[in-house]
Number of protein chains: 2
Amino acid sequence: MAEDAELIRYADMLAAMGTEPRLRIVRLLLSAHPAGMVVGEIGEELGIPNSTLSHHLDKLKNENLVTVKREGVFLRYMANNEALQELLAFLYAECCTRNRVVEPKKVTCCGKERS
Amino acid sequence: MAEDAELIRYADMLAAMGTEPRLRIVRLLLSAHPAGMVVGEIGEELGIPNSTLSHHLDKLKNENLVTVKREGVFLRYMANNEALQELLAFLYAECCTRNRVVEPKKVTCCGKERS
DNA sequence: TCTGTATTTCTACATATATGGAAATATACG
DNA sequence: CGTATATTTCCATATATGTAGAAATACAGA
């Protein structure tokens, strides 16, 4: 069923972000949104070698978490807000709406808060 | 710094959920919250062999996404709302608060919605 | 203590992943 | 066309991961 495909897609997205360098990349692109960043800038900022970075960006692109556009010699990567929104909405729904496991306020308010 | 440790922890949590069987397990435990479920029930519901399931539960437990308590011969697993809250709050903050990449409403309202 | 049931650990293996140096490709520009 | 720069692809390799059958362990109850 389509349910399955959707769940697998979300699992793949989570896996794509489930690595230190890639979570760092996503976070960096979020902070640079909507301008995005060129591969070289990302690599320099995070200290990741060319080929390694290319692999990580490829994975993020495959899971649709980032988009690319060419600018002459450069490739500019941007966080894909649509995909991130879908993933967040899925998690929020599972945790806060469908099942009242996590209090909505604790997610949307203030970032960090106790108990 | 502590920042790093935190990011790595979130990456590990994402990785723990970044697999079809484990995302299914988490989702199942969320729907069974707060009662939780016994290992046998989970395995039967999802059709996962004993030893495989045990490894997956172990991983989720290591990342603190689930908690266990013994009930005689049975082990009862429960979704850990605190950890899930922290992860969701982190993602929400990154996407919606620190950077206005995803509109808050699109996450918290109605689950699925267009554009 | 013996027995039965639940769950884990042991063991094995195939596959996937992360990493990065070196070579190849793509684009711009003179 | 030749050169320079950005990025990818090729290649290799180490490590991690997912899977699961079979044996071991943990607990309860007779």
Side-chain angles (χ1 to χ4, degrees), chain A residues 4 7-29 32 35-79, chain B residues 4 7-29 32 35-79:
Chain A
D4 279 13
L7 185 122
I8 291 172
R9 194 176 138 251
Y10 289 131
D12 289 342
M13 289 170 75
L14 290 168
M17 292 200 294
T19 256
E20 187 197 345
R22 286 199 298 265
L23 186 54
R24 249 183 237 288
I25 292 169
V26 169
R27 187 216 237 167
L28 185 63
L29 290 179
M37 287 174 78
V38 159
V39 177
E41 294 174 330
I42 302 172
E44 189 160 353
E45 177 72 30
L46 301 180
I48 301 174
N50 275 178
S51 62
T52 303
L53 178 58
S54 194
H55 288 308
H56 285 314
L57 288 172
D58 199 50
K59 178 126 194 172
L60 291 171
K61 190 175 60 189
N62 283 338
E63 301 311 331
N64 205 33
L65 287 165
V66 301
T67 58
V68 215
K69 69 178 175 191
R70 187 171 271 280
E71 277 181 4
V73 185
F74 304 89
L75 289 176
R76 179 169 295 271
Y77 280 79
M78 277 124 45
Chain B
D4 279 13
L7 185 123
I8 292 173
R9 195 176 138 250
Y10 289 131
D12 288 342
M13 290 172 74
L14 291 168
M17 294 201 293
T19 256
E20 189 198 344
R22 285 199 297 265
L23 186 54
R24 249 182 236 290
I25 292 170
V26 169
R27 187 218 238 168
L28 185 62
L29 290 179
M37 285 175 78
V38 159
V39 177
E41 293 173 332
I42 301 172
E44 189 160 353
E45 177 72 30
L46 300 180
I48 302 174
N50 276 176
S51 62
T52 303
L53 178 57
S54 194
H55 287 308
H56 285 315
L57 289 172
D58 200 49
K59 179 128 193 171
L60 291 172
K61 190 175 59 188
N62 283 338
E63 301 311 331
N64 205 33
L65 288 165
V66 301
T67 58
V68 215
K69 69 177 175 192
R70 187 171 271 280
E71 279 181 2
V73 186
F74 305 90
L75 289 175
R76 179 169 295 271
Y77 280 79
M78 277 125 44

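Both backbone and side-chain heavy atoms feed into the values below; hydrogens, waters and symmetry mates do not. Naming: A, B, ... by sequence-line order, numbering from 1 per chain.
In this structure, the CG atom of B:Leu57 is 13 Å from the P atom of D:dT19, given to the nearest Å. In this structure, CG of B:Asn62 is placed 12 Å from P of D:dG18, rounded to the nearest angstrom. B:Leu14 places its CG atom 14 Å from the P atom of D:dT17, with the value rounded to the nearest Å. The CG atom of B:Asp58 sits 12 Å away from the P atom of C:dC10 (whole-angstrom rounding). Between the CD1 atom of B:Ile42 and the C1' atom of C:dT8 there is a distance of 14 Å, rounded to whole Å. Rounded to whole Å, atom C1' of D:dA6 lies 7 Å from atom CZ of A:Phe74. Straight-line distance from the CZ atom of A:Arg24 to the C1' atom of C:dA18: 16 Å, rounded to whole Å. Distance CG (B:Leu75) to P (D:dC27): 9 Å, rounded to an integer number of Å.
Nucleic acid contact class of A:Val73 (heavy atoms, under 4.0 Å, all strands): base. B:Arg76 comes within 4.0 angstrom of nothing in the nucleic acid, heavy atoms only.
Each of B:His55 and B:Gly40 was matched to the nucleotide of DNA chain C holding its nearest heavy atom; the match closer to the 5' end belongs to B:Gly40. Of the two residues near DNA chain D, B:Gly72 and B:Pro49, the one whose nearest nucleotide lies more 5' is B:Pro49.
In this structure, A:Arg9 does not pair ionically with A:Asp12, as no charged nitrogen and carboxylate oxygen lie closer than 4.0 Å. The pair A:Arg24-B:Asp4 meets the salt-bridge criterion, since a charged nitrogen lies less than 4.0 angstrom from a carboxylate oxygen.
Inter-residue side-chain proximity for B:Ile48 and B:Pro21 is flagged as met; some heavy-atom pair is nearer than 4.5 Å. For the pair A:Arg22 and A:His56, the minimum side-chain heavy-atom distance is below 4.5 Å. At a threshold of 4.5 Å between non-hydrogen side-chain atoms, the residues B:Glu45 and B:Leu28 count as touching.
The side chain of B:Thr52 places an N or O atom within less than 4.0 Å of a non-bridging phosphate oxygen (OP1 or OP2) of D:dA20. Between B:Tyr77 and C:dA6 there is no side-chain N or O to OP1 or OP2 distance below 4.0 Å. The phosphate of D:dT19 has OP1 or OP2 within less than 4.0 Å of a side-chain N or O from B:His56. For B:Arg70 and D:dC27, the shortest distance from a side-chain N or O to OP1 or OP2 is below 4.0 Å. The phosphate of C:dA18 (OP1 or OP2) has a side-chain N or O of A:Arg22 nearer than 4.0 angstrom. A sub-4.0 Å separation between OP1 or OP2 of D:dG18 and a side-chain N or O of B:Thr19 is present.
Listed nucleotides D:dA20, C:dG21, D:dT7 differ in distance to A:Asn50; the shortest reach to its side chain belongs to D:dT7.
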